Amino acid sequence: MLTLNTLLDLITARTSIHICIHDISGITRRTRLRIDRKYHTHTKNICETAKGTPSGYVSCIACKDASNKRAADGEEFTRVCPFGILEVIRPVIIEGKTRCIIYLGNLTDNLYVSRKRAEETCNSLGISSDKICEELINTEQTDKNGTDLRYYETLADHIRDYIKLLYGTDADSETDIPENRHWCVEKAEEYIRNNFENNMTLSSVAGLYFINEKYLGRIFKKETGKTFHQYLTDIRLERSLRLLSENHPIISVSHMCGFVNVTYFNRCFKEKYGISPGEYRRQNKK
């Protein structure tokens, strides 16, 4: 029997489709349900471009949160995101609980309409629409390939049914993840590593995975030895070391690592490393 990752590789090969499995229960820890990072997040260029500015990121996350809530309640639907991308969304409900949410996207059914929507969103956010409109050309354009939207909805249904099948397979009932590692701590760590440059809080990440904020904060500290904020700051500081070695301006390094301002970045850096970013750069100058 194919693993979920192999199935997704086969589906997306030679197409522009992107599939994201948003895990809200730890289901993708199971051996046959494990998937590559690219299937955990929206990783197509247009998504990265849209999230490349603070206001664009906030818009994307707000849209994703709203869709997650609808799907977590068991709703199956198709929607167009603020930047013109069409997505088919399917909750995977097993034993009465939504275990994960399938996003089958990077689709457009009318490129002109999608561009107009993207331009309107970008104008309202005060950001340029040029790159996003360029990336729309690289989407799976259903109006050009002659494939009806129902094809993609059926495809999402089949992925949902296959996940249920794999989940119910006796041979796949165990994982090789240590029992003392809670799935939501792993997801929070993964989310921080992939999005540290953006504004985030314990509350926003807990909401993304439908976990009580205080509970997540408690088990996160227990398993990592750090608070959520400490862990996030350390990841940002580690990233800043590489950027400083690449000779970026210190104020740019601060921004690229997600610090609210350069003064706060300087203070955090000195607290951790004992010297300022400028001193670190001088000492490590090649």
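None of the values given here were measured: they were computed from a predicted structure. Heavy-atom basis, side chains included; hydrogens, waters and symmetry copies ignored. Numbers here simply count residues along the sequence, with the first being 1.
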(message) When you measure from the centre of the six-membered ring of Tyr103, is the NZ or CZ of Lys64 closer than 6.0 Å and no more than 45° off the axis?
(response) yes

(request) Ignoring hydrogens and angles, state whether a donor on the side chain of Arg37 or Asn194 is under 3.5 Å from an acceptor on the partner side chain. (result) yes

(message) Would you call the rings of His22 and Tyr209 parallel, tilted or perpendicular, taking 30° and 60° as the class edges?
(response) parallel

(message) Looking at Tyr167, I'd like to know if the NZ or CZ of Arg30 sits under 6.0 Å from its six-membered ring centre while staying within 45 degrees of the ring's axis.
(response) yes

(message) Under a 4.0 Å threshold between the charged nitrogen and the carboxylate oxygen, would Asp161 count as salt-bridged to Arg90?
(response) no

(message) Whether the Thr108 and Glu140 side chains hold a donor-acceptor pair (N or O, under 3.5 Å, no angle test) is what I'd like checked.
(response) no

(message) Assigning hydrophobic clusters by single linkage (Ile, Leu, Val, Met, Phe, Trp, Tyr; side-chain heavy-atom cutoff under 4.5 Å), is Ile24 placed with Leu33?
(response) no

(request) Report yes or no: is the cationic atom of Arg70 (NZ for Lys, CZ for Arg) under 6.0 Å from the centre of the six-membered ring of Phe77, at an angle within 45° of the ring normal? (result) yes

(request) Quick one: sort the Tyr231 and Phe220 rings into parallel, tilted or perpendicular, breaks at 30° and 60°. (result) perpendicular

(message) I'd like to know if Lys187 pairs up with Glu190 as an ion pair, taking the criterion as any Lys NZ or Arg NE/NH1/NH2 lying under 4.0 Å from an Asp or Glu carboxylate oxygen.
(response) yes

(request) Give the ring-plane orientation class for Tyr273 versus Phe269, where under 30° counts as parallel, over 60° as perpendicular and anything between as tilted. (result) tilted

(message) Check this for me: does any side-chain nitrogen of one of Glu189 and Arg181 sit under 4.0 Å from a carboxylate oxygen of the other?
(response) yes

